[in-house]
Amino acid sequence: MNDAYMRTQGEALAQHLRLTDGKSGYVEATADGFQVYVRKKWAGKQITSWDGMPVEWHENVGTHKAANR
């Protein structure tokens with residue numbers, strides 16, 4: 001899979017999780033799957049894969065990390 005495709009899927013996952021306000025979290029697409037960084041505990045962690053790729057959750061990350069700064 002190419003980087004552009006993974007980025008697009010990562011953005012789609014971020015939209016799905018409503019992580020588009022630039023504050024509560026973000027999705028990072030990697031060659032091995034998706035890393036989801038969120039500021040708080042996340043009720044929707046039942047998503048363990050997206051588009052056939054694994055999703056790894058990182059909760060309670062700092063505000064700057066959640067905003068991907």
Side-chain angles (χ1 to χ4, degrees):
M1 285 186 230
N2 64 29
D3 290 345
Y5 176 79
M6 288 300 285
R7 247 191 325 277
T8 301
Q9 287 302 314
E11 288 167 15
L13 177 56
Q15 290 278 342
H16 179 74
L17 298 172
R18 294 185 175 85
L19 296 177
T20 53
D21 62 1
K23 292 186 289 231
S24 42
Y26 75 101
V27 176
E28 184 180 325
T30 68
D32 300 322
F34 302 99
Q35 307 289 321
V36 179
Y37 296 91
V38 288
R39 226 172 75 200
K40 300 180 175 128
K41 285 279 187 200
W42 198 262
K45 276 193 315 205
Q46 66 269 23
I47 297 175
T48 56
S49 68
W50 182 260
D51 193 43
M53 298 292 285
V55 174
E56 189 175 333
W57 288 85
H58 305 275
E59 294 178 307
N60 297 322
V61 298
T63 303
H64 285 290
K65 179 71 176 163
N68 197 13
R69 288 186 218 150

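- A distance of 3.0 Å separates CG of Asp51 from OH of Tyr5, quoted to the nearest 0.5 Å.
- Side-chain atoms of Trp57 never come within 3.5 Å of backbone atoms of Val38 as a donor-acceptor pair (strictly under, hydrogens ignored).
- Neither Met6 nor Tyr37 shares a network with the other; the hydrophobic side chains, linked directly or stepwise wherever heavy atoms of I, L, V, M, F, W or Y lie under 4.5 Å apart, form separate groups for each.
- Hydrophobic cluster membership differs between Ile47 and Val61, with clusters built from Ile, Leu, Val, Met, Phe, Trp and Tyr side chains linked at under 4.5 angstrom.
- Two residues are said to be in side-chain contact when any heavy atoms from C-beta on lie closer than 4.5 Å; Asn60 and Lys41 meet this criterion.
- Looking only at side-chain heavy atoms (C-beta outward), His16 and Trp50 come within less than 4.5 Å of each other.
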Could you tabulate the donor-acceptor pairs under 3.5 Å formed by side-chain atoms of residues 26-33, not counting sequence neighbours?
| unit_1 | atom_1 | unit_2 | atom_2 | d |
| --- | --- | --- | --- | --- |
| Tyr26 | OH | Lys65 | NZ | 3.2 |
| Thr30 | OG1 | Asp32 | N | 3.3 |
| Thr30 | OG1 | Gly33 | N | 3.2 |
| Thr30 | OG1 | Gly33 | O | 3.0 |

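- For the pair Val36/Val55, a side-chain contact is recorded, criterion being any heavy-atom separation below 4.5 Å from C-beta on.
- Under a 3.5 Å cut-off, the side chain of Asp21 and the backbone N or O of Ser24 do form a donor-acceptor pair.
- Atom CZ of Arg39 sits about 11.5 Å away from atom CG of Leu19, to the nearest 0.5 Å.
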- Query: Would Glu59 and Lys40 count as a side chain to side chain contact (heavy atoms under 4.5 Å, CB included) if you check the C-alpha gap in whole Å, the side-chain angles of each, and the deciding distance to 0.1 Å?
  - Reply: CA-CA 6 Å; Glu59 294 178 307; Lys40 300 180 175 128; over 6 Å; no

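- The CG atom of Leu13 sits 12.5 Å away from the OG1 atom of Thr8 when rounded to the nearest 0.5 Å.
- For the pair Gln9/Met53, no side-chain contact is recorded, criterion being any heavy-atom separation below 4.5 Å from C-beta on.
- Residues passing the salt bridge (Lys or Arg N to Asp or Glu O under 4.0 Å) test with Glu11: none are found, sequence neighbours excluded.
- With rounding to the nearest 0.5 angstrom, the OG1 atom of Thr63 is 11.0 Å from the NZ atom of Lys23.
- Between Ala67 and Gly22, the shortest heavy-atom distance links the atoms CB-O, 3.3 Å.
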